[in-house]
Amino acid sequence: MQLAACRVAAMLANGRAMTIDKTFAPAEIEAKWYSNWEESGKFRPERPDAEPFTIIIPPPNVTGSLHMGHALDNTLQDVLIRYHRLKGRDALWVVGTDHAGIATQMVVERQLAEKQIKRTDLGREKFVEKVWEWKAESGGAITTQLRRLGASCDWKNERFTMDEGFSAAVTKVFVDLYDKKLIYRDKRLVNWDPKFKTAISDLEVETVEVQGKFWHMSYPLADGSGKISVATTRPETMLADMAVAVHPDDARYKALIGKEVKLPITGRLVPIVADEHADPELGSGAVKVTPGHDFNDFEVGKRAGFKPADMLNMFDDEAHVVQTEDGLIPEDYIGMERFAAREKVVAQLEAESLLEQVEDRVIQTPYGDRSGVVIEPWLTDQWYVDAQKLAIPAIAAVRDGKAKFVPKTWEKTYFNWMENIQPWCVSRQLWWGHQIPAWYDESGKPYVAESEAKARALAGPDARLTRDPDVLDTWFSSALWPFGTLGWPEDSDKLKRHYPGSVLVTGFDIIFFWVARMMMQGIEFMGQAPFETVYCHGLVRDASGAKMSKSKGNTVDPLELIDQYGADALRFTMTAMETQGRDIKLSSQRVEGYRNFATKLWNAARFCEVNGIGASDKIAAPPANLAVNRWIISEVARTRRTLDASMRDYRFDAYADGIYHFVWSRFCDWYLELIKPVLQEGGSADDAAETRAVAGWALDQILVMLHPVMPFITEELWHALGDRGRHDLVTAKWVEADDIDEEASAEIDWLIRLVSEVRSGRSELNVPAGAKLPLFVRDASEATKTRIAVNQPIIERMCRAESISHDEAPAGGAAQIVVDEATYVLPLEGVIDLAAERARLEKNAAAAEKEAKSLEGRLSNPAFVEKAKPEAVEKARTDHGEKTAEAERLRAALARLG
RNA sequence: GGGCGCGUAGCUCAGCGGUAGAGCACUGCCUUCACACGGCAGGGGUCACAGGUUCAAACCCUGUCGCGCCCACCA
């Protein structure tokens, strides 16, 4: 019995079964639609004649899992891609992952360590094999997660920075740059990471303020004539000191220049040299010089005549003490860890009474951003890219507007860095990555070529070649992503069609790491910047504004939010909160709110279905006579304009806001309410048919316009509302309707104002919500009378009026509502609190008078009338007239109240 | 030491020359036949501060205070 009743309730008038469930359950529809889209190739429809729109994904690390930053970044990209796909463009979202040198090597090494295996036990070849195995098994989890977010990437052409084709591109770029002398090998100080035992670039070094000490030490002069004071934050490096520097103009030390110091502990004899680096204002004015272990000292050392090859080195690759070339470090120091060596040096100096003073001091200390250990400046041979040369056209491209940053303010950051760019150290002492295509003969002369055979051709048949064991910085390959993924160096159609990309979406934090380098390489190898626009978004922070970090434990897992609220809700949150240039403070409340929005739409669609409103078979708006229908068609057009403008300007927040308000505050709150009398209270059949057609069309437009942000629910409803076969929303057509009916808009605006005012009056006077009252209209113009007549059923329903009359209202207490020229009277004899109504009218009258007075003041100022824009003056006049009239009518109503 | 950004309703943020907006939170009413993840109505802001430009400033300029971020070799 009960079952049968359910079944009946689940059938519609037209015989179709209800397809929209009572509750909106995101998880089911998400899984269903994503695989549907992907399997049917809907992310990449064939559109050979359409204008291309291309986005290259910032490739996530293969080791990565989706975090909020990805959720933001990829939501924005997907919104753009889906929007332009709907607009008919040939939209391509290139996807792939990054091999992430250090990160991946670390993961696999850690895994091996569990089995007590060291990377060196396996040897390079075996180890790299293990990494590939790892990748096959557990790499790329993030690609599954991107799918859960709804990212409509071109998965059929997924790339990896170490796949065959891409690797070939990397090798070619290296060789070409070498041949153009834009890559060279050099011996100099690098930032050495003693944990990973590799060089890293300047950018991978993070300077942190730490509490340290400043040690003042005495260095005796070699001739026994006295001593000189130096101060340092790193006393252990004195074991490799090669000089003491004083300022050439420092009167205190002029006589000492050229003399020698006999270093404590090592007994090394080193010269006192003049160098402007020594600041007479600081400390004693004399500074110890350790060219092999300090960037400043390296330069001082070079100026003092030391060649890099002769600079003393006292550390091995783990920053343990090793003997210097001259053999002067006492044996008991050898093998000591650097900080232990520091303590020992300090203790020994103290014992020898050579420690003058120890100060506490905050020190800027360099740390490896991945390893977290103190970086050691270390003298090694490395490969460098001449970034300064490559930067010149990359700067010009932005300066000339060929590539532009959004928001524009990031251009300053870009220029500032590019103009002061340093040589880029690109070699890494790792095993996982693109091995550098350089071979050395026995004398150490390098031959750079795309293969060993080609290197041999350069070196001659008799040379014994060994390959450079190092690999390239991961960012070196990432820099080629915009063209390497499109088939370069092959001159493919795809490359021609999709390079440069339309827009790059990324966090501002990798402008230097990645954007700048793509600009340089893209221009060098493709002749033009890799994208027209670089959209930089901020960071996703926790609700209190703190940076999310695993160590703080304040990270929010986007997948959990998806489980809880649905991918659409998360995507809407990211879109709505993306205001240009600001970081995002994420709160789950916000996500919940947008889940509610999805539910609202879901229920609106259910309402439509129940009322026989279904999929529209039209792209253009259906013909309409009723004002409500003409109005909603206009509102769709207005919304469309707003959304188009928002996308054009990359105003994601405005896009989200625009569709949100249209759906909730216009379509649901007013349109659906306004058409209820037509559909449910026996309006004419023609009117009902017209309304169903228009409502179905408007709902379709909502689905299309919302789809870029909420792809899942919109696709589900798209099909639930009618049988569209395999015509999916993902490849539907964006509304281009642009008809705006000013007359209908004015009428419905009036209707909305009338209903709102009456409701407000009733509410303020505590009229019971359900009470039906007669409504008397006075002073209405003919036009208003017509509008009232036409809209009578709606007005009665929404104002809870039992009748509407133009007769004079009965005497006695009443609520009076002023809308435009007319006054609407609700008799409340006996019920009304006269004092309350008087207060209400008084408040409204005072407000109108205040505004009228302010406008009057402005209009009576001759300067305003003369100098202000004519539109502004005109508007002030109109507003003044209206406000004055309104105030008069309210006063009249008050007078009537007695 | 340079550079950038921010300070608008209790909270998170739009607005960037014509006398203040949204979402959430808050208050009152409503189990009205799409939706209580809801409906209707409402309260709440000297737009950090001080000067200046302008007929008109939250919005432009200068300075002050507070808060963030980035870059930089003070040994």
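The sequence lines fix the lettering, A, B, ..., with proteins before strands; numbering per chain opens at 1.
Rounded to a whole angstrom, the distance from the P atom of U12(B) to that of A48(B) is 15 Å. When the C1' atom is compared between U31(B) and C35(B), the two are found 13 Å apart, to the nearest whole Å. A gap of 15 Å separates the P atoms of A9(B) and A20(B), to the nearest Å. Only the P atoms considered, C65(B) is 23 Å distant from U53(B), to the nearest whole Å. The same atom, C1', is picked in G3(B) and in U8(B); the two are 26 Å apart, to the nearest Å. For the C1' atoms, the distance linking U32(B) with G39(B) amounts to 9 Å, nearest Å. C61(B) and C13(B) are spaced 23 Å apart, taking the P atom of each and rounding to whole Å. Using atom P as the reference point in both G43(B) and A22(B), the two lie 12 Å apart (nearest Å).
Side-chain N/O atoms of Ser760(A) include one lying less than 4.0 angstrom from OP1 or OP2 on G42(B). Taking 4.0 angstrom as the limit, Arg800(A) places none of its side-chain polar atoms (N or O) nearer than this to OP1 or OP2 of C40(B). Phosphate proximity of G15(B) to Arg651(A): present, with a side-chain N or O under 4.0 Å from OP1 or OP2. Checking the phosphate oxygens (OP1, OP2) of C13(B), a side-chain nitrogen or oxygen of Lys585(A) falls inside 4.0 Å. Considering only side-chain N and O atoms, Lys547(A) lies nowhere under 4.0 angstrom from the phosphate OP1 or OP2 of C69(B).
Atom NE2 of His293(A) and atom P of A75(B) are 18 Å apart (whole Å). Residue Glu592(A) contributes atom CD, which lies 10 Å from atom C1' of C24(B) at whole-angstrom precision. Between the CZ atom of Phe597(A) and the C1' atom of G38(B) there is a distance of 15 Å, given to the nearest Å. Rounding to whole angstrom units, NZ of residue Lys408(A) and C1' of C4(B) are separated by 15 Å. A straight line from CZ of Arg692(A) to C1' of A34(B) spans 15 Å, rounded to a whole angstrom. Summarising the geometry, the separation between CD1 on Ile584(A) and P on G68(B) is reported as 20 Å, rounded to the nearest angstrom. Computed from coordinates, the Glu411(A) CD to C70(B) P distance equals 21 Å when rounded to whole Å. Here the P atom of nucleotide C73(B) and the NE2 atom of His277(A) are 12 Å apart, to the nearest Å.
Base engagement by Glu673(A) is indicated by at least one non-hydrogen atom pair under 4.0 Å involving a base atom. At the heavy-atom level, Lys676(A) lies under 4.0 Å from base atoms of the strands shown. Within the 4.0 angstrom heavy-atom criterion, only backbone atoms of the sugar-phosphate kind lie near Asp669(A); the bases stay farther away. Nucleic acid contact class of Ala576(A) (heavy atoms, under 4.0 Å, all strands): none. At the heavy-atom level, Arg759(A) lies under 4.0 Å from the strands shown only through sugar-phosphate atoms. Lys412(A) comes within 4.0 angstrom of the backbone, heavy atoms only, and of no base. Here Thr413(A) lies out of heavy-atom contact (under 4.0 Å) with every strand. Using a 4.0 Å heavy-atom criterion, one finds that Arg840(A) contacts no nucleic acid atom at all. Residue-level contact check: Trp664(A) touches the backbone only, with heavy atoms under 4.0 Å from sugar-phosphate atoms and none from bases. Within 4.0 Å (heavy atoms only), Arg762(A) reaches no atom of the nucleic acid at all. Residue contacts for Asn416(A): at a heavy-atom cut-off of 4.0 Å it reaches no nucleic acid atom on any strand shown.
The aromatic rings of Phe508(A) and Trp410(A) sit parallel, their planes meeting at an angle under 30°, below the 60° perpendicular limit. Using cut-offs of 30° and 60° for the angle between ring planes, the Phe597(A) and Trp664(A) rings count as parallel. Under the 30°/60° scheme for interplanar angles, the aromatic rings of Trp417(A) and Phe512(A) are found to lie parallel.
In this structure, a donor-acceptor pair under 3.5 Å is present between the side chains of His216(A) and Glu359(A). For the residue pair Asp657(A)/His661(A), the side-chain donor-acceptor check at 3.5 Å is satisfied. Under 3.5 Å, the side chains of Glu578(A) and Tyr655(A) contain no donor-acceptor pair of N or O atoms. Donor-acceptor pairing under 3.5 Å is recorded for the side chains of Asp241(A) and Tyr219(A). No donor-acceptor contact under 3.5 angstrom links the side chains of Asp833(A) and Asn766(A), judged on distance only. Checking Asp21(A) against Thr23(A) by side-chain atom types alone, no donor-acceptor pair falls below 3.5 Å.
Each of A75(B), C13(B), U12(B) was ranked by its minimum atom distance to the side chain of Thr233(A); first place goes to A75(B). For Lys22(A), whose side chain is taken as the heavy atoms from C-beta onward, the closest listed nucleotide among C35(B), U12(B), G18(B) is C35(B). Distances from the side chain of Gln364(A) to the nucleotides C24(B), A34(B), A72(B) place A72(B) closest.
Between the base of C37(B) and the side chain of Arg595(A) there is a donor-acceptor pair shorter than 3.5 Å. In the interface, the side chain of Lys600(A) is paired with the base of C35(B) through a donor and an acceptor atom under 3.5 Å apart.
When both distances must be under 3.5 Å, the Watson-Crick or G-U wobble mate of G17(B) does not exist. Nucleotide A50(B) forms a pair with U62(B), judged by Watson-Crick or G-U wobble geometry with both contacts under 3.5 Å. Base pairing of G10(B) is made with C24(B), judged by Watson-Crick or G-U wobble geometry with both donor-acceptor distances under 3.5 Å. Pairing for G1(B) is with C71(B), a Watson-Crick or G-U wobble pair whose two hydrogen-bonding atom distances lie under 3.5 Å.
Residues Asn596(A) and Asp294(A) both approach RNA chain B. Their nearest nucleotides, taken by heavy-atom distance, put Asn596(A) toward the 5′ side. In terms of position along RNA chain B, the nucleotide closest to Cys608(A) lies nearer the 5' end than the nucleotide closest to the other residue of the pair Gly761(A) and Cys608(A).
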